[in-house]
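Take a look at the structure set out below.
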Amino acid sequence: MTLLSDDQSVRPQPCQLLEPGKHLSTSMHHYSTDCIGSKEDYMDSVDRAVFGATEPPKRSRGRLILHGLVMFGREFCYAVEAAFVTPVLLSVGLPRSLYSLVWLISPILGFLLQPIIGSASDYCRSKWGRRRPYILTLGILMLLGLTLFLNGDAVISELIVDRSQRSTWAIVVVMLGVVLFDFAADFIEGPIKAYLFDVCSHQDKERGLHYHALLTGLGGAFGYLVGAMDWGHSVLGQLLGSEYQVIFFFTALTWSIFLTVHLFSIPEEPLGKDQSASESSRPDALRILGSHCNGYGTMSKDTSVPDLRPRSFSALGEANSLTSSAKQPNEEAQERMTIRSLMKAFINMPKHYRCLCVSHLLGWTAFLCNMLFFTDFMGQIVYKGNPYAEHNSTAYLTYERGVEVGCWGLCINAVSSALYSYVQRFLLQYIGLKGLYFVGYFVFGIGTSLIGLFPNVITTLILCSVFGVMSSTLYTVPFNLIAEYQREEQEKMTMQGHSESPRGTGVDCAALTCMIQLAQIIVGVGLGALVNLAGSVIVVVLSASTASLLGCVFIALFIRYVE
């Protein structure tokens, strides 16, 4: 099989329900004698008719991999940002007490706007599809942010001679680039996932998400690997001007290529066309039959069929197979989608959903405390360098060496994250989802505490593998729990004769995702003050350890167990 083999349809062929020119009663009699020999045959025929009409065709492995390459590029860019934001800001003169505040603007915007923009893409009627216009726009903003972030200091140095003004403008331009990139990179994941769910069948969603997880880990590993190289003394460094320009070249090239490949990987139907096709594909007789039934197989014009397939270990595919984005929204629902209605939905969540959001907030607070400032920790604490020293001094060069070794540590984190995402599948059958959740937080909390207590190079690099355990846990387990909670609710509603869940999964996933922005706000507000108060950046890993261990206790006490 080649990578670009044509998509093959796996839609089952339902039995003929209504032939043109025949009377309805005759056709129904013919249907009942040929297709419903027993109750089981009836259920099977309706199931095949329903799912055959609603599922997209099977996608080849090559197309799913090409679709997932955008996650490689996104994580490559994220790795460069995580490794170099703090060193770049400190090198242009940003005070230590303010360097965490750069993370505030983007998450505040994300916390307020992400659910609105996510739901807006559900109603996009572009001829290019619902998701791809958003993905392209956000991808261009990411590239612009990278350009300002990695080249701002060099450009300002060429334009402004006065040293004090040059430092001020360099800080402004670099911070603008960081905020713009972070904003776009955070927002783009939602449309990417929705694009996958819209164009793939139930089985392909799970396969696609596994490729996304694998390519995300590989992208982070390569991104940190590029950051770990000493490009300043290489031929490319001399040709392009500096180490940061070389890193920008590789990052921009990687992102541009993989974004383009992603946008052309799988065709996406426009909303209006897809809706009309869906309506025309429903057999008339099935709709008439369904209108007289209250059990499984009931269909009406404005409802969707609940997914009654077996459980599977799928991070977001299962949750989004039930979300309202799979349904065609009407104008009235679109008008009701406001910040107020979304916040009301968050507040009215059942208790176990709110507990899951709190645990997710604790986990991301711990993870971001460590990851956003890890290379700075390596440069200042492990290598004892000084980011404020003159750029040609021994202290500054030592700090740069620590940043490079920190990139190697983050590379280890990315590789371990990709590997652990597959280990989770085997652990799941022994300890369950709640056990996986607890183990991820506990391992990370112990590992970061050891790094803070014994800050030497070898110990720190070895313990970087626990970062990957936490990363994989945060990206998979909470969404699996959402999927299982929703499946339980859906099964209860189905048994009661209802076809829809009382609450959309999209809102639940949006609330969970908003915890990432809220965690970033907490880190941005509090960590700089803690570092300034303690007088050392060692407080970042100790804060990460404390938040993670608190998360362990919360998971043990409040997270609902799922079989």
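The first residue in the sequence is number 1, and the count goes up from there.
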What I'd like to find out is whether the side chain of [X] reaches to under 4.5 Å of the side chain of [Y], using heavy atoms alone.
{"X": "Thr147", "Y": "Phe248", "answer": "yes"}
{"X": "Thr473", "Y": "Leu436", "answer": "no"}
{"X": "Val226", "Y": "Val80", "answer": "no"}
{"X": "Leu214", "Y": "Tyr422", "answer": "yes"}
{"X": "Cys77", "Y": "Phe181", "answer": "yes"}
{"X": "Val443", "Y": "Met470", "answer": "no"}
{"X": "Val477", "Y": "Gln424", "answer": "yes"}

Where is the tightest heavy-atom contact between [X] and [Y], given as atom of each residue plus distance?
{"X": "Leu263", "Y": "Leu136", "value": "CD1-CD1, 3.8 Å"}
{"X": "His360", "Y": "Leu474", "value": "CE1-O, 3.4 Å"}
{"X": "Asp198", "Y": "Arg131", "value": "OD2-NE, 2.7 Å"}
{"X": "Ala184", "Y": "Leu138", "value": "CB-O, 3.4 Å"}
{"X": "Gly139", "Y": "Leu259", "value": "CA-CD2, 3.9 Å"}
{"X": "Tyr441", "Y": "Gly363", "value": "OH-CA, 3.3 Å"}

Just by modelled atom types, is the [Y] backbone N or O under 3.5 Å from a matching donor or acceptor in the [X] side chain?
{"X": "Asn413", "Y": "Ser465", "value": "no"}
{"X": "Thr365", "Y": "Leu361", "value": "yes"}
{"X": "Lys434", "Y": "Ile559", "value": "yes"}
{"X": "Tyr224", "Y": "Phe76", "value": "no"}
{"X": "Ser256", "Y": "Leu253", "value": "no"}
{"X": "Arg560", "Y": "His352", "value": "no"}
{"X": "Tyr195", "Y": "Ile266", "value": "yes"}
{"X": "Arg59", "Y": "Val199", "value": "yes"}
{"X": "Arg354", "Y": "Met349", "value": "yes"}

Could you grab the distance from atom [atom1] of [X] to atom [atom2] of [Y], nearest 0.5 Å is fine?
{"X": "Leu225", "Y": "Trp408", "atom1": "CG", "atom2": "CH2", "result": "4.5 Å"}
{"X": "Thr254", "Y": "Phe249", "atom1": "OG1", "atom2": "CZ", "result": "9.0 Å"}
{"X": "Ile65", "Y": "Arg61", "atom1": "CD1", "atom2": "CZ", "result": "6.5 Å"}
{"X": "Tyr78", "Y": "Met142", "atom1": "OH", "atom2": "CE", "result": "7.5 Å"}
{"X": "Trp255", "Y": "Thr260", "atom1": "CH2", "atom2": "OG1", "result": "9.5 Å"}
{"X": "Tyr353", "Y": "Leu481", "atom1": "OH", "atom2": "CG", "result": "10.0 Å"}

Practice task
Given side-chain contact (heavy atoms from CB on, under 4.5 Å), test Ser359 with Trp364 step by step and report yes or no.
Solution key: CA-CA 9 Å; Ser359 65; Trp364 272 104; over 6 Å; no
Exercise for the section: Please lay out, stage by stage, how Val423 and Tyr420 fare under the test side-chain contact (heavy atoms from CB on, under 4.5 Å). Expected result: CA-CA 5 Å; Val423 174; Tyr420 186 70; 4.1 Å; yes
Problem - Candidate pair Val70 and Phe258, rule side-chain contact (heavy atoms from CB on, under 4.5 Å), full reasoning - result: CA-CA 5 Å; Val70 71; Phe258 287 168; 5.5 Å; no
Practice task
Take the angle between the ring planes of Phe438 and Phe442 and call it parallel below 30°, perpendicular above 60°, tilted in between.
Solution key: parallel
Exercise for the section: Report the C-alpha separation of Val358 and Phe558 in whole Å, then their side-chain angles, then the decisive distance to 0.1 Å, and conclude whether the side-chain contact (heavy atoms from CB on, under 4.5 Å) test is met. Expected result: CA-CA 10 Å; Val358 173; Phe558 298 106; over 6 Å; no
Handout entry: Greater than 12 external heavy atoms within 6.0 Å of Phe222's CZ
Key =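 At most 12 heavy atoms, drawn from other residues, nucleotides or ligands, come within 6.0 Å of this atom.
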Practice task
Using distance alone, with no hydrogens and no angle criterion, decide if Tyr485 and Asn480 have a side-chain donor and acceptor under 3.5 Å apart.
Solution key: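 Result is no, nothing qualifies.
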Handout entry: salt bridge (Lys or Arg N to Asp or Glu O under 4.0 Å) partners of residues 69-78, not counting sequence neighbours, each pair once
Key =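 Qualifying pairs, neighbours excluded: Arg74-Glu189.
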Problem - Partners passing side-chain hydrogen bond (donor to acceptor under 3.5 Å, both in side chains) against His262 (at least two apart in sequence or in another chain) - result: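 Not a single residue meets the side-chain hydrogen bond (donor to acceptor under 3.5 Å, both in side chains) criterion with His262.
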